[in-house]
Colleague: 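Provided herewith is a single structure, encoded as structure tokens, for subsequent inquiry.
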Number of protein chains: 2
Amino acid sequence: MTARSHIMPKQTYFNLTPDKRETFLVAAINEFADHDYPTASISRVCKTAGIAKGSFYQYFEDKKDLLLYLIQLGLEEKKALVASIELPDPNGGFFESLRSTFTLQVGHSLQHPRLAEVAHRAFYGALPFKDEMIEGLKQAGVEAYRGMIQKGMADGSLRPDIDIDAATFVISTVFTELSRYLEKQLGLDNKAMFTRELTDEQWAEASRHFDGILRLLESGLIN
Amino acid sequence: MTARSHIMPKQTYFNLTPDKRETFLVAAINEFADHDYPTASISRVCKTAGIAKGSFYQYFEDKKDLLLYLIQLGLEEKKALVASIELPDPNGGFFESLRSTFTLQVGHSLQHPRLAEVAHRAFYGALPFKDEMIEGLKQAGVEAYRGMIQKGMADGSLRPDIDIDAATFVISTVFTELSRYLEKQLGLDNKAMFTRELTDEQWAEASRHFDGILRLLESGLIN
DNA sequence: CTAAATTGTGACCGGGCGGTCATATGACCG
DNA sequence: CGGTCATATGACCGCCCGGTCACAATTTAG
């Protein structure tokens, strides 16, 4: 009995030797990071991973299931990151929360750039199917920002007359693209590495750039 | 002798009767608005427009040339809009300039939603070729915002210690998605109409929503 | 009315795709 | 050794694509 959150590879996939599985995974993630869903090619993944096309269909039901599995993988990585970090006081006000979000969201994107790219494409690119999980995550993301803002207005860390829709739009839009901005500023190359560890110095620089943005969001372009 | 800015349909295309050309154009624009380049299908355009596939290749060199032509069309629409609007004093400070940009950029997107969508995909989606015009426009867009900010810092309409990169990022990101936000707030449907005229009331509502965003950018979330 | 030039057409080509399946390979077990 | 079962394989299917081309239809010119 395998408890599953709906989408899983077949048992055969889990019987793979770890290094074969790793090879396959890297090929798959890179494919779905480099191409959006319709353009990503199972044939290419197989060629890259060095397996026969028939083998793929012993591991996964179809193309869609592979993508959903990759997204779940990303979620688990993110959960692991959440668990590994001590979050600051959740009642420290809006900008404290926003900084936590930055640490998690962007930290994840910077450490697992390819996996993050897969998720980004699945969220904002074209999918020829509707999936509950993806729709739910999209919704939840935006609602999280909205909730943070409302809470901030309630606890006084934000002014009370904010246009909530506008603020939610600005914050979520900026945060969606934030990791790309930071990668550009740090001179990091998405495709160069599969997982990467930031040096303390790099992380400090990322924080500096984030501070610049935060400053704008806090006090605006004038004051 | 036909002067051309590099990409043009063949003469045969211009010899088409206006209504045939119109039918074809609508089909083509909708196709490239609904699908990004690799997924957009010439065959489908032909079927929709009711012409033979061979005919298409009497009008255009290939798929790429069609897209580039559509983008040029969008540019001309935009130029027409610029010409039709009296711009406020360009020395009225940063936020005056930003408001002009809003009027033009978003006005165009709201009036020609499908054509704007084509351009958006070409700019931010995946293209299997590099094109100078597109690259140039992308670059120019971001640089325009950067220039506005620098000017604003110089003339005192912005505080002088702004993180320029951060501000450019925030402004250009927000403006890129702005028309989608407004369409959602106004309850407009992209695909419903090919060109649309906003009522005065709708335009006023769009302005109100834009003001909400502008307020955030001006004074931030706190003050 | 005819001849020349322009335009319309859809069968066809090569290629890539997602997905299938009969068969081959090899591990495990008595 | 033999038999059973899980896995690996790549030829194959049907589909759709961008693009071509020989030919048919139509317009234009003389």
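Keep in mind that the numbers below use all heavy atoms, side chains included, and drop hydrogens, waters and symmetry copies. Letters A, B, ... are given to chains in the order of the sequence lines, protein chains preceding strands, and every chain is numbered from 1.
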Colleague: Check every strand shown and say whether B/Thr12 touches a base, only sugar-phosphate, or nothing at a heavy-atom separation below 4.0 Å.
Modeller: sugar-phosphate
Colleague: B/Lys10 has an atom NZ; how far is it from atom C1' of C/dG8, in whole Å?
Modeller: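 Distance, rounded to whole Å: 13 Å.
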Colleague: Going by salt bridge (charged side-chain N to carboxylate O under 4.0 Å, His left out), name the residues that satisfy it together with A/Arg196, two or more places apart in sequence or in a different chain.
Modeller: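 Testing A/Arg196 for salt bridge (charged side-chain N to carboxylate O under 4.0 Å, His left out), a comparison that skips the adjacent residues, returns A/Glu183.
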Colleague: Sequence neighbours excluded, which residues qualify as side-chain contact (heavy atoms from CB on, under 4.5 Å) partners of A/Glu22?
Modeller: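 A/Glu22 satisfies side-chain contact (heavy atoms from CB on, under 4.5 Å) with A/Val26 once adjacent residues are dropped.
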Colleague: Does anything in residues 18-50 of chain A reach DNA chain D, meaning a heavy atom under 4.0 Å, and if so which residues?
Modeller: A/Lys20
Colleague: Can you name the residues that form a ring pair (Phe, Tyr, Trp, His ring centres under 6.0 Å) with B/Phe32, not counting sequence neighbours?
Modeller: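 Ring pair (Phe, Tyr, Trp, His ring centres under 6.0 Å) check on B/Phe32 returns nothing, list empty.
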Colleague: Excluding sequence neighbours, so at least two apart, what forms ring pair (Phe, Tyr, Trp, His ring centres under 6.0 Å) with B/Phe60?
Modeller: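 So B/Phe60 forms a ring pair (Phe, Tyr, Trp, His ring centres under 6.0 Å) with B/Tyr13, B/Phe24, B/Phe56, B/Tyr69.
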Colleague: Tabulate below the donor-acceptor pairs under 3.5 Å that side-chain atoms of residues 203-212 of chain B make, not counting sequence neighbours, or state none.
Modeller:
from     : atom 1 : to       : atom 2 : distance (Å)
B/Ser207 : OG     : B/Trp203 : O      : 3.3
B/Asp211 : OD1    : B/Arg99  : NH1    : 3.3
B/Asp211 : OD1    : B/Arg99  : NH2    : 2.3

Colleague: List the residues meeting salt bridge (charged side-chain N to carboxylate O under 4.0 Å, His left out) with B/Arg21, not counting sequence neighbours, and say none if there are none.
Modeller: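 Salt bridge (charged side-chain N to carboxylate O under 4.0 Å, His left out) list for B/Arg21, sorted by chain: empty.
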Colleague: I'd like a table of donor-acceptor pairs (distance under 3.5 Å, sequence neighbours excluded) in which one partner is a side-chain atom from residues 108-116 of chain B, with atom names and distances.
Modeller:
from     : atom 1 : to       : atom 2 : distance (Å)
B/Ser109 : OG     : B/Gln105 : O      : 3.3
B/Gln111 : NE2    : B/Glu197 : OE2    : 3.3
B/His112 : NE2    : B/Glu77  : OE1    : 3.3
B/Arg114 : NE     : B/Asn30  : OD1    : 2.9
B/Arg114 : NH2    : B/Asp34  : OD1    : 2.4
B/Arg114 : NH2    : B/Asp34  : OD2    : 3.4

Colleague: Which atom names give the shortest non-hydrogen contact between A/Leu104 and A/Ile85, and what distance separates them?
Modeller: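 Closest heavy-atom pair between A/Leu104 and A/Ile85: CD2-CD1, 4.1 Å.
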Colleague: Would a distance-only check, ignoring hydrogens and angles, find a side-chain to backbone donor-acceptor pair under 3.5 Å from A/Glu31 to A/Ile42?
Modeller: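 Looks like no, no N/O pair under 3.5 Å.
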Colleague: Calculate the interatomic distance between B/Leu16 atom CG and C/dG8 atom C1'; express it in whole Å.
Modeller: 11 Å
Colleague: With sequence neighbours excluded, what pairs up with B/Tyr145 under the ring pair (Phe, Tyr, Trp, His ring centres under 6.0 Å) test?
Modeller: B/Phe175
Colleague: Identify the 5'-most and 3'-most nucleotides of DNA chain D with at least one atom closer than 4.0 Å to a non-hydrogen atom of chain B.
Modeller: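 Extent of the interface on DNA chain D: D/dC17 to D/dC21.
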Colleague: When you measure from the side chain of A/Lys63 to the backbone of A/Tyr37, do you find a donor-acceptor pair of N or O atoms at a distance under 3.5 Å?
Modeller: yes
Colleague: Would you please test B/Asn15 and B/Thr12 for side chain to side chain donor-acceptor pair (under 3.5 Å) and show each step?
Modeller: CA-CA 5 Å; B/Asn15 294 343; B/Thr12 313; 5.4 Å; no
Colleague: Please tell me if B/Asn15 has a side-chain N or O lying less than 4.0 Å from either OP1 or OP2 of C/dT7.
Modeller: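 B/Asn15 to C/dT7 OP1/OP2: side-chain N or O found under 4.0 Å.
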Colleague: For DNA chain D, what are the stems built from at least three Watson-Crick or G-U pairs in a row, each pair having both distances below 3.5 Å?
Modeller: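 Expected stems, ordered by start: C:1-30 with D:1-30.
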Colleague: Check the surroundings of atom NZ in A/Lys10: do more than 12 heavy atoms from other residues, nucleotides or ligands lie under 6.0 Å from it?
Modeller: yes
Colleague: Within residues 57-70 of chain A, which residues have any heavy atom lying less than 4.0 Å from an atom of DNA chain D?
Modeller: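 Under 4.0 Å from DNA chain D: A/Gln58, A/Tyr59.
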